[in-house]
Structures are given as structure tokens and as C-alpha cells.
Amino acid sequence: MPHPFRLYNTLTRKVEDFLPIEAGKVRLYVCGMTVYDHCHVGHARAMVVFDAFTRYLRHRGWEVTFVRNFTDVDDKIIARALEKGQDPLAFANHFIDEFHVEMAELGLELPTHEPRVSDSMDAIRELIETLVARGHAYPAGGNVWFSVTTCEDYGKLSNQRVDELKSGDDVQGKAHGSDFALWKAAKPGEPAWPSRWGPGRPGWHIECSAMVCKHLGETIDIHGGGLDLVFPHHENEIAQSECGIAKPYARYWMHNGLLTLSGGQKMGKSLGNVINIHTALSEFPAEAIRLYYLHNQYRSPLPWNSDALPEALTMLSRLYDALEKAQAMQGDEEPERVAKDLGEDALAVLELGRGFTEKFLAACDQDFNTAQALAHLFELARAVNRFAAHKKAKKRGRPVVTPALRAFELLRSALGLFTMAPNEFHAVVKSKRLAALGLDRAAVEAKLAERTRARETKDWARSDALRDELAALKIEVLDLADGVDWRVQLD
RNA sequence: GGUGAGGUAGCCAAGCGGUUAGGCAAUGGUUUGCAAAACCAUCACACGCGGGUUCGAAUCCCGUCCUCACCUCCA
């Protein structure tokens, strides 16, 4: 039996108990990319949030059907492709392929379905025909427009009133300034699909309505996307679908907050202030990026600056260090006995570990509050580190740290973090940071080896000089109890 | 102008009527050949401002000042 949870619903502006249409099942649709450019770190937030949310739901026992579309037929795609002398669909496909590679690298699971506009023409035309037949849409000069004034509760998601909207582009043939295109007549040289209104292509909003219906049914449980899609995109989807099928479209609307720059201004393609996810992934491990997104509540704006990823990596490294220490512990006694013998710190890590699952999932159950859920993990990690300083922890500590190890496993299955072994993680960090600074690994390791030789003969002057040289290259040397390690500075 | 979100210690950020959230930075300490990492302590009895309700408010109510987003393509 799946576990209940609560979710903020943009439609009602309240956190509500989630009630599924069909017991045990969640039908989730999330607006994906319009593929005319690279995926940036703002898009990636939405992708990671809904990937993590899906993992959490499945962990909680829900059967999730997750659909995320690609908009591969669109004005901007066509304009950009023709500018470069390329076929628009091939141009879009190129970015879809890149998106898949980057999302795999980011550690995303594939959605159940990834429909494309170009594959959904039948469903789109069918819905438009229904809307025309029902009097909610009208053809004019090869275009088909949706008539917002025929939709009684138009504006219910964004609380807009038709008569107060600034009127959009003044296109000939439109009956009302806020009417929007369902079908656009093709101009010469543009890709076109046949229809009873003449050759053309779908408008932006109709595709999602059609794909939702085709893959998930007439009414779905949760519709997600970025907060910037509330109006007009999601508002228009509701209008089209509810006028077309005369049933509610989506029961819960879940919107992720946007990435913001200094001063709170949002990051967006139109503002030209974006960082591609490819760039971030080349310099930081995927899980550091994931932690950056998930350490904030998904609805809050998330500030982006040059410290964001270094800070997230610092946090993640500390957590992996705790995991590594816990994994290194041995022993197979009764946990209570070990806790009794080794003192307060052992007892603390045992108790925090045992209480973790409940606290972690309770936070996720309350509007997917990963910020609070992760705070519990930091408490646990500190307890592990504190206990690890005990001189008998390594030999006998395993039993008291076993619940903590399970906590890290829970993070992997419920949020997609800690999917690597700690040594693997450290290796990834090193290679990405070296690449980010353009450093040569062999040269660094040669200097380190030379320094180790100097230390063996207690030639501290030489050893420290080499450490300074490495520091100048932004390499920090760590002399550990069982050898030498190093890392690349983050500032 | 319309609609919505928000203002929490140096910075970021949970909480939303009564128990130290958490992170990052900084400073001191333990440790170390010296460092780094880790741990401990401090910064932190903080909640835009002014009233009110309450035994009790960051949390509720009224007023007020700011910030951001959407209303045009945007995750």
C-alpha cells in the first residue's frame, strides 16, 4: 500500500493531501524542453526535481507513469534551423540527442514515455477538430484559433481575467486579443503537416493537451513544470483540454521555482544569462549539481552564482567522507553492547540512524521538502564523523553505524544521491576539477611523489616548498594517517 | 495597472502558534613535523517595520515598506 503524501497545488494555492484517481497510481506529466538550444542549469533544476520526486514516489510504493515531452516543432526551432540552413526536425533531433546524453550524465532515469510533437500529429489534429466542432475554436485563413471567451473559467490557474489581460499580438483573423493559435498555417519553406484547414503545424499549447490525453488519459493526477509556464502555457492547456473533453484536466499542478541571479532576477533563455548544464557537468560531479538543486525546497527561487556549485560540492564531499568512514568500520556484535561500551557518541549515531528513515520520509511527504529531509542527513553525518574519532570505532563500530549506512542507501533510492562508492566519487571530483582548471594529472602526481620522498627523509623545507608549488596550482595536499591524498581547491 | 510568491543571524535557507532545523563562510581550540581534512566551540535565543489577538507569535489578524516573478517565447 503506497504511503500518503501532501503537495502544494498551484490551482488552489494550498498544500493538500494527495488523492489519486486510481488507487496506488500516479499519472504525472511534466513539460519538457523546446529543443532549439542546449539545456541550461535552470532547465536542469526542473528535470532533477521531477526525477527525484518520481524516485521518491516509487520508493513510497506508488506506481508512477511519468511522461515528459519534447517540443520539436516550434517557431523558434524553425527560425534557428533555417538560419543555419538545416532541416528543422534534424536540428531539433540533434538537441534531443544531446539532452539525452546530458540527462544520463546528470543521473536521471528515463521517463515512462517521451513523446514528441512530430510523433503526435494525429492526436493534436483530433483534439483541434473536437474543439472546432464544439464551438471553442474557429479556423481563419489556414490558422485555427482557440476562443478564450467560450471557456467559462478561463484564467482559473493563474487568476487572470480575460478582460484584464494585456492583449497579445494583433494578428489578423483573431476574434479576441487573447485567443491563441491551435494550428498555424505554414509559410513557404517551413515544415508542414496536412490538415483539413490546410498545411501547417500545431501551436505551442495544444501539443501538451494532446500528448497528455494520448499517454495518460483524459484526467491526470499531477501536471508539473516550471513556474514560468503557469501563464499562458498551463492556463491554455487547461482551457483546451477541459473544453475538449468536458472533464477536469489535472488534479494537482506542481511548479518548480526558477533559478535566480544576484538581485533575484531569473535566469532565462530570453535574458541571455544562462549557463549550460554541459558546462556545469564538465566541472562538477553530477551529484553535486543534484544536491545543489535538492538542498532547497523545490518551489523556492534558487540563487545561482559562482559559489553555488563549489558550495554544493563541499557539502557532498563531507557527506561522502562520513559514508566512507562508516563503511570502513568493522565488527558484528550486538549494537546495544557496542553503544554501551563505546559511549555517548556511539549511542547517538545508533539512535539518529534508527530514527532517520521516518524523519527523512516525513519531510518528503510534506510537499516534497527535500531541504528539511537533507538537513536530517547532515545531522546524521556529523554524528558518524564524531563517532569515527573514537579509537575503537574502526574495529567495533559497524553495528552502531549500520542504520546510518542504510540511510545513505535510502538517499540513493529515494533521491538519486550517493550512487557511487566514496573512492569512485573522489576520483570523479579529481578528474573534473583538474579538467576545469586545465591541469595535467601526471605533472601533479610527479610533484606529489617528489614531496613524499622528501618527507620520508624528513626534508621539511623541500616538502613544504613542493606543497607551496602545488598550492599555487590550486592543489591542496592532504597528509592522512595512511598515506597522502590531494584535492583541487574550489575557490 | 492586474495576478502570484517572498522578506529568518556575515551569506544561503527549513520551520508557519509553545522543543537548539540545516548548509556555507569567519574566528578560536583538538589533531599535525608544519598544514589540510575531520571534530568541538563561538558567531545564533535571528525571524522587514508598526500595531493587535493569545498564558505564549517568526508563525494568526490589521496596517505599512521593500524585493522578485507572470501578464510576450521561456523549466
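Residue numbers start from 1 in every chain, and the chains themselves are labelled A, B, ... in the order their sequence lines are given, proteins ahead of strands. Since the model is a prediction, treat every value here as computed from it, not as a measurement.
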Discussion item. Counting only heavy atoms and a strict 4.0 angstrom limit, can you tell me which residues of residues 350-363 of chain A come near RNA chain B?
Written reply: none
Worksheet entry | Proximity to RNA chain B (any heavy atom under 4.0 Å), residues of residues 373-389 of chain A only | A:Ala375, A:Phe378, A:Glu379, A:Arg382, A:Asn385, A:Arg386
Would you mind classifying the nucleic acid contact of [X] as base, sugar-phosphate or nothing, using non-hydrogen atoms under 4.0 angstrom?
X: A:Leu227; answer: nothing
X: A:Met47; answer: nothing
X: A:Gly225; answer: sugar-phosphate
X: A:Lys325; answer: sugar-phosphate
X: A:Val230; answer: nothing
X: A:Arg467; answer: base
X: A:Leu229; answer: sugar-phosphate
X: A:Ser300; answer: sugar-phosphate
X: A:Arg462; answer: nothing
X: A:Asp479; answer: base
X: A:Gln297; answer: sugar-phosphate
X: A:Gly32; answer: sugar-phosphate

Run the salt-bridge test on [X] and [Y] with the 4.0 Å N-O cut-off and return the result as yes or no.
X: A:Arg455; Y: A:Asp459; answer: no
X: A:Asp153; Y: A:Lys156; answer: yes
X: A:Glu105; Y: A:Arg290; answer: no
X: A:Glu450; Y: A:Arg462; answer: yes

Separation of atom [atom1] in [X] from atom [atom2] in [N], rounded to whole Å:
X: A:Arg487; N: B:A37; atom1: CZ; atom2: P; value: 6 Å
X: A:Lys156; N: B:G4; atom1: NZ; atom2: P; value: 16 Å
X: A:Leu480; N: B:U32; atom1: CG; atom2: C1'; value: 11 Å
X: A:Asn236; N: B:C71; atom1: CG; atom2: C1'; value: 12 Å

Practice prompt. Look at the side-chain N and O atoms of A:Asn256 and state whether any lies under 4.0 Å from the OP1 or OP2 oxygen of B:A75.
Written response: no
Discussion item. Please determine whether a side-chain nitrogen or oxygen atom of A:Arg318 lies at a distance below 4.0 Å from atom OP1 or OP2 of B:C24.
Written reply: yes
Discussion item. For A:Tyr298, run the side chain to side chain donor-acceptor pair (under 3.5 Å) check against A:Thr370, A:Asp367, A:Asn369 and tell me which one passes.
Written reply: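 Answer after filtering A:Thr370, A:Asp367, A:Asn369: A:Asp367.
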Given [options], identify the nucleotide with an atom nearest to the side chain of [X].
X: A:Ala46; options: B:C70, B:C12, B:A75; answer: B:A75
X: A:Tyr8; options: B:A37, B:A5, B:C70; answer: B:A5
X: A:His43; options: B:G4, B:A75, B:C71; answer: B:A75
X: A:Arg455; options: B:A5, B:G33, B:A14; answer: B:G33
X: A:Pro303; options: B:C12, B:A37, B:A14; answer: B:C12
X: A:Asp464; options: B:A38, B:G33, B:C73; answer: B:G33
X: A:Gln372; options: B:A69, B:A14, B:U3; answer: B:A14

Practice prompt. For the pair A:Phe146 and A:Phe180, name the ring-plane relationship: parallel under 30°, tilted 30 to 60°, perpendicular over 60°.
Written response: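 The rings of A:Phe146 and A:Phe180 lie parallel, inter-plane angle below 30°.
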Practice prompt. Please find out if less than 6.0 Å separates the ring center of A:Phe360 from that of A:His376.
Written response: no
Practice prompt. Identify the residue among A:Thr260, A:Asn273, A:Val274, A:Leu309 that makes a side chain to side chain contact (heavy atoms under 4.5 Å, CB included) with A:Trp304.
Written response: A:Leu309
Worksheet item: Out of A:Leu7, A:Thr10, A:Thr12, A:Ile220, which residue meets the side chain to side chain contact (heavy atoms under 4.5 Å, CB included) rule with A:Tyr252?
Response: A:Leu7
Worksheet entry | Between B:A37 and B:A26 - P atom distance, rounded Å | 9 Å
Worksheet item: If you pin A:Arg13 and A:Arg45 to their nearest nucleotides in RNA chain B, which one's is more 5'?
Response: A:Arg13
Worksheet entry | Over all atoms of both residues, closest heavy-atom pair of A:Phe418 and A:Glu287 | N-OE1, 2.9 Å
Fill in: A:His390, NE2: over 12 other non-hydrogen atoms inside 6.0 angstrom
yes
Worksheet item: Stem ranges for RNA chain B, with three or more consecutive Watson-Crick or G-U pairs under 3.5 Å?
Response: B:1-7 with B:65-71, B:10-12 with B:22-24, B:26-30 with B:38-42, B:48-52 with B:60-64
